[in-house]
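Atoms considered below: every heavy atom in the structure, side chains included; atoms not considered: hydrogens, waters and symmetry mates. Residue numbers run from 1 in the order of the sequence given.
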Amino acid sequence: MSRKSSDNDYSLRSMSNLMGERRKKVNDDGERSLIKAPSSASINSQAVPANAATATTTGDLEREARKQFHQDVTPGFVYVLAAFSALGGFLFGYDTGVISGAMLLLKREMNLSALWQEVLISSTVAAAALSAFAGGFLNGIFGRRVCILLASFIFTSGGIVLSAAPDKVVLLVGRLIVGLGLDGPVIWRMLTYPPTRRALLVGCGLQMFQQLSGINTVMYYGATILQMSGVRDDKLAIWLAGVTAFTNFLFTLLGVWLVERVGRRKLTLGSIIGTCLSLSLLAIGFLLSAQHTPPVTLHPTDPSMVNSTCNKHLLCEPCMLDPACGFCYRENSTALFASSCVPVNTASTEKAAWGRCSNSTQLRVHTYWAYNYCPTSYSWVVLLGLVLYLAFFAPGMGPMPWTINSEIYPLWARSTGNACSAGVNWTFNFLVSLTFLHVAQNLTYYGAFFLYSGLALLGSFFIYGCLPETKGRRLEEIESLFDNQLCSCGATDSDEDRQVEYIRVKGSNYHLSDNDASDVE
């Protein structure tokens with residue numbers, strides 16, 4: 001039997017031809033589809049035999065077409081592109097991880113104040129934020145290929161400047177250049193169209209809470225945090241920071257395995273709840289250290305102490321939080337004694353301005369100078385908190401904001417939506433990394449991490465209320481998730497595992513909508 005064609009009913013062949021014509025009209029600046037779609041000829045040759053007009057039913061056509069689609073294989077070139085994309089992420093991750101340990105050495109070699117440390121670290125993400133916001137506009141003009149090549153060239157140039165930097169000013173310039181190398185009308189259209197406006201709010205909210213939960217304070221200041229917790233040796237602090245960064249890598253792979261098994265929503269929600277709890281443990285570690293901080297038992301009578309704030313501190317904790325002071329003490333196998341709070345040497349924070357801790361020879365005889373930490377037996381709690389934090393953060397809150405943002409926008413808004421959400425990510429990254437050391441000094445270290453824990457808890461309410469499940473959904477279905485009110489409290493979870501296939505399309509229901517076009521033309 002043959003199927004009668006009418007004005008409102010297209011056959012599989014005419015539908016394929018129609019989409020082929022649509023693809024020919026799209027001008028994407030040289031970009032091509034990497035996965036070859038089956039042509040109408042190949043479908044017709046397999047799905048429509050010579051006597052199709054009298055013997056083939058519509059069901060036969062659909063089954064043959066489905067079989068053809070399932071037999072398609074991904075070309076090797078796609079894997080090559082994916083590998084190079086991952087390499088870009090690796091390079092930025094390497095820069096993020098290395099700066100943590102490098103800051104311990106740079107702040108001493110270049111005598112960096114807390115403000116300069118914050119500026120050097122946050123300069124890269126500030127430049128990246130500007131680049132991300134400009135990304136959607138530049139992609140629309142030049143296309144993705146040119147923008148990626150330009151970013152790679154800039155990133156390489158920044159690395160060369162950083163390697164040759166003789167002082168902190170040139171180092172700052174290099175960090176800014178590296179930041180420029182990292183992630184218009186369409187924005188207005190997105191904001192005035194309710195589904196894309198809601199999707200943009202969800203996407204930007206996810207990126208905002210990723211940063212407000214403190215991830216880059218841990219990545220950028222990991223070695224510093226460990227030193228603050230009482231790890232005395234610089235090399236040990238750097239190695240331990242490397243261990244925590246490796247934890248981040250391992251559990252990111254776990255997220256890759258879990259994402260299609262438990263879904264985006266559940267994985268992200270579980271991740272941020274675990275992040276909140278581990279941040280609380282991290283804060284408790286610093287709180288225990290503060291509550292058991294050693295007292296100042298020796299009060300020097302040097303004339304230079306008269307106008308110093310150091311002689312006002314009776315405990316190590318407030319002395320350590322004062323950037324002008326350090327803690328000088330002696331230690332034997334069982335106890336700490338002869339401790340004092342004295343001014344730091346302005347030329348080098350590695351020693352005191354005067355006294356027994358100003359002489360490197362005397363420092364070898366069980367006398368120690370603690371500028372950025374207090375001796376404590378609770379360092380292991382902070383280390384455990386850091387490891388658990390990254391173990392919870394890496395599978396969900398690390399990759400899922402990027403994954404979800406790549407899925408929730410229609411094609412015409414995808415580049416712009418991703419650029420805006422990436423810009424929000426880098427903006428809050430900049431704000432958090434710029435303020436961490438001063439927040440720690442003013443709120444204490446445990447206060448800073450309790451603050452991040454509270455922000456992560458707020459983010460968990462946002463994710464629970466506003467993030468729908470996108471696993472296994474087609475582009476049209478995802479757009480329909482944002483047709484109604486923004487916060488549905490996971491009302492769509494009940495059918496998240498359903499699989500839908502569309503083969504036959506009614507002409508009366510098919511429109512060449514904006515989903516078939518892209519904002520990169």
Side-chain angles (χ1 to χ4, degrees), residues 18-19 22-23 25-29 31 33 129 132-144 147 183-210 264-265 268 400-428 459 462-493 495-496 500 502 505-521:
L18 180 62
M19 292 305 298
R22 173 66 177 177
R23 283 192 293 270
K25 294 179 181 178
V26 175
N27 176 20
D28 60 357
D29 232 5
E31 296 180 32
S33 173
F133 280 122
F137 177 72
L138 294 176
N139 279 335
I141 296 177
F142 302 110
R144 295 180 180 91
C147 288
D183 314 323
V186 178
I187 284 285
W188 176 251
R189 188 178 176 189
M190 290 181 71
L191 294 177
T192 54
Y193 181 49
T196 54
R197 181 175 66 242
R198 296 177 186 122
L200 186 63
L201 289 174
V202 170
C204 291
L206 285 173
Q207 298 284 26
M208 178 183 72
F209 282 112
Q210 183 197 67
R264 281 73 158 152
R265 174 182 162 83
T268 308
M400 285 306 101
W402 303 99
T403 301
I404 293 168
N405 268 283
S406 69
E407 296 175 337
I408 60 178
Y409 307 112
L411 290 179
W412 62 266
R414 183 158 294 175
S415 289
T416 304
N418 277 287
C420 288
S421 63
V424 169
N425 180 288
W426 290 115
T427 298
F428 281 91
F462 171 81
I463 291 170
Y464 176 78
C466 301
L467 178 63
E469 181 56 71
T470 59
K471 186 188 85 170
R473 294 185 179 275
R474 295 177 181 270
L475 190 62
E476 296 81 4
E477 294 179 282
I478 292 175
E479 186 173 353
S480 69
L481 293 176
F482 296 97
D483 281 339
N484 301 317
Q485 61 181 359
L486 180 62
C487 295
S488 58
C489 295
T492 59
D493 279 357
D495 63 344
E496 65 179 24
V500 180
Y502 295 105
V505 182
K506 291 276 188 175
S508 57
N509 296 328
Y510 179 80
H511 301 282
L512 291 177
S513 67
D514 291 326
N515 284 334
D516 299 315
S518 170
D519 58 342
V520 181
E521 296 185 347

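Shown here for Cys204 and Ser421, the closest heavy-atom pair between the two residues is SG-CA, 3.8 Å. Residues Ile408 and Ile478 share a closest heavy-atom pair of CA-CG2, 3.7 Å. A pairwise comparison of heavy atoms in Cys420 and Leu200 identifies CB-CD1, 4.0 Å as the closest pair. A pairwise comparison of heavy atoms in Phe482 and Pro468 identifies CZ-CG, 3.8 Å as the closest pair. Scanning both residues, Met190 and Gly417, for their nearest heavy atoms gives CE-CA, 3.9 Å. The minimum heavy-atom distance linking Ser406 with Asn418 is given by the pair N-OD1, 3.8 Å.
Between Trp402 and Asn425, some side-chain heavy-atom pair lies under the 4.5 Å cut-off. The shortest distance between side-chain heavy atoms of Phe428 and Gln210 does not fall below 4.5 Å.
Interatomic distance, Glu469 CD to Thr268 OG1, rounded to the nearest 0.5 Å: 8.0 Å. In this structure, Leu481 CG and Thr470 OG1 are separated by 8.0 Å, a value rounded to the nearest 0.5 Å.
Using a cutoff of 4.0 Å between basic side-chain nitrogens and carboxylate oxygens, Arg264 and Glu407 are scored as salt-bridged.
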Given the rule in the side chain to side chain contact (heavy atoms under 4.5 Å, CB included) test, do Trp412 and Arg189 qualify, once you have shown the distances and angles that lead to the verdict?
CA-CA 10 Å; Trp412 62 266; Arg189 188 178 176 189; 3.5 Å; yes
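A donor-acceptor pair under 3.5 Å is formed between the side chain of Arg197 and the backbone N or O of Leu191. The backbone N or O of Val424 lies less than 3.5 Å from no partner atom in the side chain of Gln207, so there is not a single donor-acceptor pair.
Residues satisfying the ring pair (Phe, Tyr, Trp, His ring centres under 6.0 Å) test with Tyr409, not counting sequence neighbours, are none. Judged as a side chain to side chain donor-acceptor pair (under 3.5 Å), and not counting sequence neighbours, Thr403 has no contacts.
By the 6.0 Å and 45° rule, Arg198 does not stack over the aromatic ring of Tyr193.
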